[in-house]
Visitor: 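Here it is, the structure, as structure tokens.
All heavy atoms count here, side chains included; hydrogens, waters and symmetry mates do not.
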Amino acid sequence: MPIVPVIFMSAQLILVAQEVPQLDVAPTCRAAASVAVGERRDMQVCLREEHQARDKLKDGWDSFAESERARCVRLARTGGPASYVELLTCLQMAKAAESIPNDGALNGRLGR
């Protein structure tokens, strides 16, 4: 019988990885609004940008590799308040990095 909870939990983890995570972005926006200098950056603008980023993530979630989704979700939740903008940027950078040719130039063989 102990295997049943393990199977159930595994299924939940798989479902979570297949959907855009729920992030609490209010702390991110409060922090951004409190240190805004120059252009007006209030809580509502920040929340709107976070919601727009979440919508983009929902539209393209399946286009990102599962391993990159997991890595970027961990990153977006680490080191401070969570952010959909940060999550989207991480995933876009990971996808762009896939197109960099692996010709050895980044491994110290440049111009040799």
Side-chain angles (χ1 to χ4, degrees):
M1 285 299 191
I3 197 158
V4 174
V6 171
I7 292 171
F8 179 72
M9 291 300 291
S10 297
Q12 284 186 327
L13 290 174
I14 290 169
L15 286 175
V16 169
Q18 293 176 350
E19 298 177 357
V20 176
Q22 290 290 335
L23 302 178
D24 180 10
V25 297
T28 298
C29 290
R30 274 194 298 277
S34 72
V35 297
V37 177
E39 74 177 62
R40 183 163 150 66
R41 176 108 175 124
D42 65 11
M43 183 81 167
Q44 294 306 314
V45 171
C46 179
L47 288 172
R48 185 174 56 245
E49 289 173 353
E50 289 291 338
H51 288 266
Q52 288 170 345
R54 186 173 197 285
D55 290 342
K56 285 183 183 179
L57 285 164
K58 286 169 84 173
D59 291 341
W61 190 249
D62 292 336
S63 70
F64 300 109
E66 189 173 330
S67 61
E68 292 301 332
R69 291 189 311 230
R71 184 182 66 80
C72 288
V73 167
R74 281 192 309 273
L75 179 65
R77 290 179 168 162
T78 302
S83 168
Y84 288 113
V85 172
E86 183 178 336
L87 175 57
L88 178 60
T89 301
C90 178
L91 289 167
Q92 290 172 333
M93 289 176 59
K95 186 176 269 193
E98 291 174 1
S99 66
I100 296 173
N102 187 10
D103 61 2
L106 298 177
N107 294 324
R109 295 186 217 139
L110 184 62
R112 292 185 188 170

Visitor: Would you find a donor on one side and an acceptor on the other, under 3.5 Å apart, between the side chain of K95 and the backbone of S63?
Guide: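 Yes, K95 side chain to S63 backbone: donor-acceptor pair under 3.5 Å.
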Visitor: Please round to the nearest 0.5 Å and tell me the distance separating atom CD of Q52 and atom CG of L88.
Guide: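 These two atoms lie 11.0 Å from each other.
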Visitor: Same cluster or not: V20 versus L91, using hydrophobic residues (I, L, V, M, F, W, Y) connected whenever any side-chain heavy atoms lie under 4.5 Å apart?
Guide: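 Result: yes, single cluster for both.
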Visitor: Measuring from L23:CG to L87:CG, what's the distance to the nearest 0.5 Å?
Guide: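 So the gap between those two atoms works out to 6.5 Å.
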Visitor: Is there a path from V25 to W61 through hydrophobic residues (I, L, V, M, F, W, Y) whose side chains come within less than 4.5 Å of each other?
Guide: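 Looking at the clustering, W61 is in the same group as V25.
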Visitor: If I take atom SG from residue C46 and atom CZ from residue R30, how far apart are they, to the nearest 0.5 angstrom?
Guide: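 Here the rounded value is 10.5 Å.
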Visitor: Roughly how far apart are E19 CD and K58 NZ, rounded to 0.5 Å?
Guide: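 NZ of K58 is found 10.0 Å from CD of E19.
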Visitor: side-chain hydrogen bond (donor to acceptor under 3.5 Å, both in side chains): which pairs involve residues 81-93, sequence neighbours left out?
Guide: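 Sorted result for residues 81-93: E50-S83, R54-Y84.
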Visitor: If the condition is salt bridge (charged side-chain N to carboxylate O under 4.0 Å, His left out), which residues does R48 pass it with, not counting sequence neighbours?
Guide: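 Partners of R48 by the salt bridge (charged side-chain N to carboxylate O under 4.0 Å, His left out) criterion come out as none, since no residue qualifies.
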Visitor: Restricting to non-hydrogen atoms, name the atom on C29 and the atom on L47 that form the minimum distance, rounded to 0.1 Å.
Guide: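 Closest approach of C29 to L47: SG-N, 3.4 Å.
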Visitor: Quick one: closest heavy-atom pair of A26 and M43, and the distance?
Guide: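 Between these two residues, the closest heavy atoms are O-CE, 3.6 Å.
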